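Notes for the one structure printed next.
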Amino acid sequence: MRQVPLTARVVALAVVTLVGVGSCTPDRQADPGGRGGGLAQAGSAEQGTGAGGSSDPDQRTRPNPTPTKAKPKPKPKPTPKPTRTRTVAPERAAPTAPTWAAGCPQGEHQREVETYLAKLGGFGRVTVDGRQSAADCAAIKKFQQRYDIRPAAGRAGPTTYDVAKRLATTDTRRCKAGASGTTFCIDLTRQTTWAVRGGKVVWGPTVTRTGMPGYATPAGTYKINYRNIKEWSDPYEVWLPYWQHFTQGMGYHQTTTYLHEKSIGSHGCVNLLPADARRAWELGKVGSQVVLFGRRPGT
């Protein structure tokens, strides 16, 4: 029997060892029960878990993470002590117009009222510039007090504007006054009245309020035929101061309500402010002529 040299045995053993290391053996998991299902296909485990068919490079070779040095915690800064600060109030801006400096609010009809008061005269200096001033305020207040416009605060509001416009646009020449004696004139359209004697205006124009809708004061020429310093009204049960009757139960008298309440009116009479009613009484007499023209708006 030929003996195999020792060197050959060593070589053969090395070959067998190398071949066994590189071979694939059936996977028991891939062929459960040994039924010969063959080797498990590559990637089947990933598909079963829902993973992708190929892995990212960092999944193939996962380098060991290098430990990072923990950063030292910052030391808390000491809380600064609160310091008292002096709060300075903002400086008030000066008004752009002398409205508030004058002590009067400026109304929406400032320029118009200034224009009419300048035309009428007699209420003080007025500057027509649409801006309230101390002088404008004083003039507007004086005008409001004269015609009992409430409140008399110097504001050029709707009532002040309306009264000033009616007075400033009244044309006293439209009244056909008598040649002698006193003639009372009433502009029903503008709701103003005045008196003429000897061709000159001796009273007014001033404001009035005539008959409301349903009780319109008629236009025409009449004469005062009855007067009484204080007349009792039977149908309305009210005293009528400075009564001067001229037609159909209608006449001059002092108003019993706020004259500038335009939503109401008289039952045909010519309502006057207290001071105007007294003046008309002083100028009139039985036989004095009364001329009415135009028509009150809304009647």
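Since this is a predicted model, take the numbers as computed values, not measurements.
Other members of the cluster containing Y226 are M212, Y215, Y236, V238, L240, W243, with ILVMFWY side chains joined at under 4.5 Å, either directly or via other members.
When all heavy atoms of L272 and L259 are compared, the pair lying nearest together is N-CD1, 4.5 Å. Across all their heavy atoms, Q144 and A153 have their closest contact at OE1-N, 3.2 Å. The minimum heavy-atom distance between S266 and C269, with the atom names listed, is OG-O, 2.6 Å. Looking at every heavy atom in both residues, T127 comes nearest to D136 through N-OD1, 3.0 Å. Across every non-hydrogen atom of A277 and H253, the tightest pair is CB-C, 4.4 Å. Across all their heavy atoms, T189 and P297 have their closest contact at O-CD, 3.4 Å.
Taken together through direct or relayed side-chain contacts under 4.5 Å among Ile, Leu, Val, Met, Phe, Trp and Tyr, I186 and V207 form parts of separate hydrophobic clusters.
With values rounded to the nearest 0.5 angstrom, R190 atom CZ is found 15.0 Å from T208 atom OG1. The distance from the CG atom of D187 to the OG1 atom of T172 is 10.5 Å, given to the nearest 0.5 Å. Atom OG1 in T160 sits 8.5 Å away from atom NE2 in H260 (nearest 0.5 Å). From C175, atom SG reaches atom CD of Q289 across 7.5 Å, with rounding to the nearest 0.5 Å. The distance from atom CD of E261 to atom CG of N271, rounded to the nearest 0.5 Å, is 12.5 Å. With rounding to the nearest 0.5 angstrom, the CG atom of L292 is 8.0 Å from the OG1 atom of T193.
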What do the steps show when you test Y242 against R278 for side chain to side chain contact (heavy atoms under 4.5 Å, CB included), and what is the final call? CA-CA 7 Å; Y242 305 108; R278 286 193 299 270; 3.0 Å; yes
Check against side chain to side chain contact (heavy atoms under 4.5 Å, CB included), R146 and K142: CA-CA 6 Å; R146 164 62 182 90; K142 188 175 181 180; 5.8 Å; no
Can you check side chain to side chain contact (heavy atoms under 4.5 Å, CB included) on R209 and T255, steps first, answer last? CA-CA 9 Å; R209 184 181 60 188; T255 184; 3.4 Å; yes
Kindly determine whether T115 and E112 satisfy side chain to side chain contact (heavy atoms under 4.5 Å, CB included), including the steps that lead there. CA-CA 5 Å; T115 301; E112 294 94 330; 5.6 Å; no
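Between the side chains of T170 and T192, at least one donor-acceptor pair of N or O atoms lies under 3.5 Å. Under 3.5 Å, the side chains of Q191 and T210 contain a donor-acceptor pair of N or O atoms.
Using a 4.5 Å heavy-atom cutoff, the side chains of P218 and M250 are in contact. With contacts defined as side-chain heavy-atom distances shorter than 4.5 Å, the pair Q244/W281 qualifies. Looking at heavy atoms from C-beta onward, H245 lies out of side-chain contact with I224 at the 4.5 angstrom threshold.
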Return all side-chain donor-acceptor pairs below 3.5 angstrom for residues 194-206, not counting sequence neighbours, or 'none' if the list is empty.
from : atom 1 : to   : atom 2 : distance (Å)
R197 : NE     : T182 : OG1    : 2.8
R197 : NH2    : T182 : OG1    : 2.8
T206 : OG1    : D276 : OD2    : 2.6

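At distances below 3.5 Å, not a single donor-acceptor pair connects side-chain atoms of D129 with backbone N or O atoms of R111. The main-chain N or O of A156 is never found under 3.5 Å from a side-chain atom of Q132 such that the two would form a donor-acceptor pair. Side-chain atoms of Y222 come within 3.5 Å of backbone atoms of A219 as a donor-acceptor pair (strictly under, hydrogens ignored). When atom types are taken as modelled, the side chain of E114 and the backbone of G130 share a donor-acceptor pair closer than 3.5 angstrom.
The side chain to side chain donor-acceptor pair (under 3.5 Å) contacts involving residues 150-159 comprise E108-R155, D148-R150, where partners must be two or more places apart or lie in separate chains. Annotation: ring-ring contact (aromatic ring centres under 6.0 Å, His included) contacts involving residues 166-191, sequence neighbours excluded, comprise F184-Y252. Within the structure, ring-ring contact (aromatic ring centres under 6.0 Å, His included) contacts touching residues 122-163 (residues at least two apart or in different chains) are H109-Y161, F123-F143, F143-Y147. Pairs engaging residues 279-299 under the salt bridge (charged side-chain N to carboxylate O under 4.0 Å, His left out) rule: R279-E282 [sequence neighbours left out].
For the pair K262 and D162, the salt-bridge criterion is met [side-chain N within less than 4.0 Å of a carboxylate O].
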